[in-house]
Novice: 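Dropping the structure in here first, questions after.
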Amino acid sequence: MATPNEILQNNRRWSEKIRAQDPHFFERLFRQQAPKYLWIGCSDSRVPANQIMDMDPGEVFVHRNISNLVLHSDMNCLSVLQFAVDVLKVEHIMIVGHYGCGGVGAALHGDRLGLIDNWLRYIGDTMERHRKLMDATAPAGRHDRLCELNVIEQVANAAHTTIVRDAWDRGQPLTVHGWCYGLSDGCIHDLGMDVARFDALDTGYSHALAQLTATPT
Ligand code: CO
């Protein structure tokens with residue numbers, strides 16, 4: 001494990017390496033950030049947005065919380081969403097879950113971990129909502145299935161916010177995507193839910209669910 005001092009030294013080396021490749025890199029970023037993407041993902045240390053999308057600093061605006069939830073009462077997530085959509089004018093919002101998500105697993109098994117149980121309760125609600133599909137999934141696949149269902153619900157949540165709806169109403173180009181990342185191979189699985197208009201939400205939701213039903217985990 002690197003000590004904090006070693007991390008600071010690593011940072012200096014990284015900064016020098018970048019400037020050697022592109023002397024004006026940080027100057028440009030300092031003047032303005034203009035990312036076209038908002039990533040809403042899990043806090044899990046294995047799912048870093050920039051590295052997974054192979055993007056440089058400045059290319060993606062990021063919000064992460066445990067199990068990538070978009071809740072209508074979460075001022076932190078809503079503020080990120082509002083700033084990204086209204087001010088930065090991102091064109092794509094990726095809601096990115098990951099297979100094997102610990103928060104989703106805790107909700108699935110009803111683990112008692114403390115305060116976090118209340119946060120994860122929303123995933124319990126998702127499990128209840130999709131009880132039939134969960135029951136039809138082999139027990140070994142239920143954890144991953146719930147990770148996917150959670151993403152689908154969060155795409156719907158994002159699309160229902162006043163922020164996204166107002167952007168669509170004024171004709172701003174904005175698409176909400178549902179992805180699930182594989183820790184075992186580093187690949188993002190596209191859940192086939194790409195919502196670019198409010199009236200396309202129901203079809204996108206049903207399409208993504210139908211794909212899940214057709215795909216054994
Ligand atoms: Co996770």
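Start at 1 and go down the list; that is how both ligands and their atoms are numbered.
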Novice: How would you list, by chain and number, every residue that makes a ring pair (Phe, Tyr, Trp, His ring centres under 6.0 Å) with His92, sequence neighbours excluded?
Specialist: Tyr37, His177
Novice: How about Arg112: does its CZ atom have over 12 heavy atoms from other parts shown lying under 6.0 Å from it?
Specialist: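 Open: at most 12 neighbouring heavy atoms sit under 6.0 Å from CZ of Arg112.
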Novice: In residues 24-31, what donor-acceptor pairs under 3.5 Å come from side-chain atoms, sequence neighbours left out?
Specialist:
| unit_1 | atom_1 | unit_2 | atom_2 | d |
| --- | --- | --- | --- | --- |
| His24 | ND1 | Glu27 | OE2 | 3.4 |
| Arg28 | NH2 | Asp22 | OD2 | 2.8 |

Novice: Kindly say whether the aromatic ring centers of His143 and Tyr99 come within a distance under 6.0 Å.
Specialist: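 Aromatic pair excluded; centres sit 6.0 Å or further apart.
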Novice: Heavy-atom count around Arg12 CZ within 6.0 Å, excluding the residue itself: above 12?
Specialist: no
Novice: Check residues 1-10 and write down every donor-acceptor pair under 3.5 Å in which the side-chain atom is one partner and the other belongs to a residue at least two apart or another chain.
Specialist:
| unit_1 | atom_1 | unit_2 | atom_2 | d |
| --- | --- | --- | --- | --- |
| Thr3 | OG1 | Glu6 | N | 3.1 |
| Glu6 | OE1 | Thr3 | N | 2.8 |
| Asn10 | OD1 | Arg13 | NH2 | 2.4 |
| Asn10 | ND2 | Glu6 | O | 3.4 |

Novice: Distance below 2.8 Å from the Co ion (ligand 1): how many protein N/O/S atoms qualify?
Specialist: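 Count of protein N, O, S atoms less than 2.8 Å from the Co ion (ligand 1): 3.
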